[in-house]
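Model, not experiment: these values are computed from the prediction.
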Amino acid sequence: MNKIHYPELDETCYREVLENGLTVAVVKKSGFTKKLAYFVTDYGAIHTEFTLEGKQYQAPAGVAHYLEHKLFDMPEGRDVSAEFASLGAMTNAFTSYDMTAYYFSCTENFRDCLKLLLEFVSTPYFTEESVEKERGIIDQEIGMNQDAPDSVIFENLMVSLYENHPIRVPILGDSETIRQITPEVLHTCHRAFYTPGNMLLCVIGDVDPEEVAALARQVLGSEQKAVGIKAPLREEPMTCPRKEVTRVMEVAMPMFNLAFKCEPLGQGEEAIRQEMIADLAAETLFGESSELYLRLYEEGLIDSSFGGGFETIDGCAMLMCSGDSDDPAAVRDAILAQMDTIRTEGIDEAAFQRMKRSALGRRIRSLDSFDATVFRVCAYHFSGFDYFRFPEVYRDIQKEEIVAFLDRIVTEERCSLSVIAPISKEEVS
Amino acid sequence: MIKTIELSPGIELRCCRDSRFKQGCLSFQIVRPMLADENAMNALVPSILLRGTRRYGDLRAITGRLDELYGAAVSTIVRRVGDYQTTGLYCSFMDDRFALPGDAVLEPMLAFLTELLLDSPLEDGGFLPAFVESEKKNLIATIESELNDKRAYAMGKLLRTMCREDAFGLPRLGETAQVAAIDPVQLYTHYRKILRESQIQIFYVGSAEDRTVAELLQPLLQRLERSFVPLAPQTPFRPCQGVDTVETMEVSQGKLCMGFTSPITNRMKEFPAMQVLNTIFGSGMTSKLFLNIREKMSLCYSIGSGYYGTKGIVTVSAGIDFDKEEVTREAVLRQLQACQEGDISEEELTAARQAILSSLRAVHDSPSGIEGYYATAALSGMGLAPAEYMAAVEAVTKAQVVAAANSLRLHTTYFLKGGSQ
């Protein structure tokens, strides 16, 4: 395997692309007990339209997530969770808009756990009965999300921010679309996107990298298989279909999600540089040491629930912030007004340098978290970038680039606001 | 691996020296009995401390200082540990080896912590009214936003009802009305008192030696005027009549919570067996509740149980359709009955023991994991050292698990369902 040491971060990473197309990445953590392995496919909730072996498919919304649930089924009544449990390991999975990840963590029996992970994710086994039974469970999960203001507020924001992008559709789909999911649909999606060439195996912990690669070869074989071709996304204008959307729910005080639409990033080195510029731009505009954050906090317009950053998903990107506020529209207006100030006055060089140092320090600290590290390594891999190179990219960024980015993005046309308002007491009685 | 140094009567420093991490952490906790007339004040104090010091007069100056310390973070701690409430600050900061040549983080970090704790700007013998008013508003918002997470809200309601005779039933952050009534002078006076009288626990994880940390804390300690009043030990659940409550709200999914009591607490030798029982019964994807009520009966997406060892309480919570309350409740009781009758396989027993051991081993793999586990274990009255504890978990027999199951009694239920109030 190809070994790279990153002295500045005191990290070592091993990588290899196997004959079957699978990328294996091992972040070696000597002296740690815990081992965490992610087996990830570059396929998520938004990838419902695709072509496989010359044939076009349009899968129902929610299929990637449904498939994630059902992959835990194995032939002959085997119970994957119980097998992990008997090895002393914990397993789970999640589906995001643009990737699906299966993982386990263990302190012992790593070899057996890794084999089991590779085996169950690469073994599609769906019966009519079990697919039917899952519908009730997923319906309850959908119901839970409908009562979770955090999910509702984000899903509403996506509908009001995007005209065409499939991020408008909730990851879980809805009760209607999941009714259309059959074993055959699941098989097709598995065949299209769960081939080694579309996947990444990332392990973090005190493990032998060569052994990880050898096990992946052993379980997955060497054959290269066809990968589904995702349908190109339709062109998305840089304006929003709606400026504002409000929903009334059982919440204590108004909550908001606010986003500025950005151009999608593309792939590779330049894309990652753009992402880090955007990340620092978010810090500059409304990060915890920004002028704006401190002023709004002191005025009581926002509280410690406020936070924000740059989000990027296959084919779309946004500068986003969220929190609780008695007056979400006033927060939006304050951000736009602050942007006018930045346009005329620029940003202070000393403050910018301090912020860069702080952002870099926080990223270095976050490497202590196995989960955060493995997640980032996977996400950056699918964008064609080595995550551990972030310090050099950060160092190189100039404040003029930040100002130029903000100037372009933080405008009224690109902005949309999603609010959850509490049920007013009068209405109830 | 944890060294404990008594710095002065009632003030303990626990150090876990570990050079594997990129960051260190240090928590400073004042330990109080959970009491209705002070829990809101204890919850409010740390947020005021973070608003400014005499030298760093406002949030801007505070965050500027933290940025200089390579993006260090200081956050508030308000924890419930059985009968106690802790209040204080938690610092996480980059390890010195990643700083620029000749620069350090730990030393200035602790100097800054000292300022935060002891150099608040004052007005007429109280905290600054502007800070107090603004943080009161934030604390009230936090208390009320429990409503946003229906599962947490329902569980809070269950525990409050069940423990209405017990300190465990008091809300961790106090009640809205109590927060609203706090005034800056009263709050500062209270803060001086708890700094003077309370047990204080300082916990450090990082690459520095315990002696070094103790020395760096001297300037802070020398400024504390102490007259230590020891805490009463933890107590088990205080019995009262059980209640079954149904509440309606505009929700699309119901939340059923059930509370069971047991005489077994974390201070007793039966504790490991109760932990194993809880794991078999309702913790994780291989538990009886998950496999039967979710996987076999498709009644829910989320279901699980939890064991509050300080009190001897086991809770179950499930997100279900409104008309499935009866059938779910019966199914939960049936699974408990299975445990009570010894319907537990060797695989279930082994898997449960393994799950507990794995999570104990993994505690040592992050600074926050170490701090969270050991700082709380010490206060909760748990007598076992980790090695002893792991050996005890490994030795748990099926008969002991069955006995633990048979010690459980259903006490109180709470059901949140849809509809207008």
Chemist: Below 4.5 Å from any heavy atom of chain B, which atoms of A:Asp206 appear? Answer side chain, backbone, both or neither.
Modeler: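 A:Asp206 has no heavy atom closer than 4.5 Å to chain B.
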Chemist: Need one label for A:Met90: side chain, backbone, both or neither, based on atoms under 4.5 Å from any heavy atom in chain B.
Modeler: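 Contact with chain B is absent: no heavy atom of A:Met90 under 4.5 Å.
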Chemist: Can you label the angle between the A:Phe72 ring and the A:Tyr102 ring as parallel, tilted or perpendicular, going by 30° and 60°?
Modeler: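 Plane angle between 30° and 60°, so tilted.
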Chemist: For A:Glu8, is it the side chain, the backbone, both or neither that has a heavy atom under 4.5 Å from a heavy atom of chain B?
Modeler: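 Looking at A:Glu8, just its backbone touches chain B.
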Chemist: Looking at B:Ile320, B:Leu100, B:Leu291, B:Ile356, which has the largest count of heavy-atom pairs under 4.5 Å with chain A?
Modeler: B:Ile320
Chemist: Looking only at heavy atoms and a cut-off of under 4.5 Å, which of B:Ser298, B:Ala130, B:Ala362 has the most pairs with chain A?
Modeler: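 Most heavy-atom pairs under 4.5 Å with chain A: B:Ser298.
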Chemist: Need one label for B:Arg151: side chain, backbone, both or neither, based on atoms under 4.5 Å from any heavy atom in chain A.
Modeler: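 Neither part.
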Chemist: Is a side-chain N or O of A:Tyr66 found less than 3.5 angstrom from the main chain of A:Arg135, in a donor-acceptor match?
Modeler: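 Yes; at least one donor-acceptor contact below 3.5 Å.
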Chemist: Donor-acceptor check, side chain of B:Asp365 to backbone of A:Thr33, threshold 3.5 angstrom: yes or no?
Modeler: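 At least one qualifying donor-acceptor pair exists.
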Chemist: Based on non-hydrogen pairs under 4.5 Å, which of B:Lys137, B:Glu146, B:Arg294 is most in contact with chain A?
Modeler: B:Arg294
Chemist: One thing to verify: whether A:Glu108 and A:Lys35 come together as a salt bridge, which I'm taking to mean a side-chain N less than 4.0 angstrom from a carboxylate O.
Modeler: no
Chemist: Sort A:Lys356 into side chain, backbone, both or neither according to what part of it lies under 4.5 angstrom from a heavy atom of chain B.
Modeler: neither
Chemist: Please state whether the side chain, the backbone, both or neither of B:Leu66 comes within less than 4.5 Å of a heavy atom of chain A.
Modeler: neither
Chemist: Over 60° means perpendicular and under 30° means parallel, so tell me whether A:Tyr387 and A:Phe390 are parallel, tilted or perpendicular.
Modeler: tilted
Chemist: Relative to chain B, which segment of A:Asp10 carries a heavy atom at a distance below 4.5 Å: side chain, backbone, both, or neither?
Modeler: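 Both parts, backbone and side chain.
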Chemist: Taking atom types as modelled, is there a side-chain donor on B:Glu247 or B:Tyr153 under 3.5 Å from an acceptor on the other?
Modeler: yes
Chemist: Please identify, among B:Cys300, B:Ser134, B:Ser145, the residue contributing the most non-hydrogen atom pairs under 4.5 Å to chain A.
Modeler: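 The answer is B:Cys300.
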Chemist: Would you call the rings of A:Phe110 and A:Phe104 parallel, tilted or perpendicular, where under 30° means parallel and over 60° means perpendicular?
Modeler: tilted
Chemist: Could you check which of B:Ser359, B:Ser366, B:Gly64, B:Ser47 has the highest count of heavy-atom pairs closer than 4.5 Å to chain A?
Modeler: B:Gly64
Chemist: With only heavy atoms counted, which part of B:Phe21 is less than 4.5 Å from chain A, the side chain, the backbone, both or neither?
Modeler: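 For B:Phe21, the contact with chain A is made by backbone and side chain together.
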Chemist: Considering only heavy atoms, which portion of A:Gln353 lies under 4.5 Å from any heavy atom of chain B: side chain, backbone, both, or neither?
Modeler: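 No part of it gets close to chain B.
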Chemist: Would you call A:Arg357 and B:Asp103 a salt bridge, using N to O less than 4.0 angstrom?
Modeler: yes
Chemist: Heavy-atom distance under 4.5 Å to chain A: side chain of B:Leu59, backbone, both or neither?
Modeler: both
Chemist: Would you call B:Lys288 and B:Glu348 a salt bridge, taking side-chain N to carboxylate O under 4.0 Å as the test?
Modeler: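 Yes.
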Chemist: With chain A, which of B:Thr63, B:Val105, B:Asn148 has the greatest number of heavy-atom pairs at distances under 4.5 Å?
Modeler: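 That would be B:Asn148.
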Chemist: Can a salt bridge be assigned to the pair A:Asp348 and A:Arg354 using a cut-off of 4.0 Å between side-chain N and carboxylate O?
Modeler: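 Between A:Arg354 and A:Asp348 there is no salt bridge, as every charged N stays at least 4.0 Å from the carboxylate O atoms.
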Chemist: With a 4.5 angstrom heavy-atom cut-off, could you sort out which part of B:Lys296 is near chain A: side chain, backbone, both or neither?
Modeler: backbone
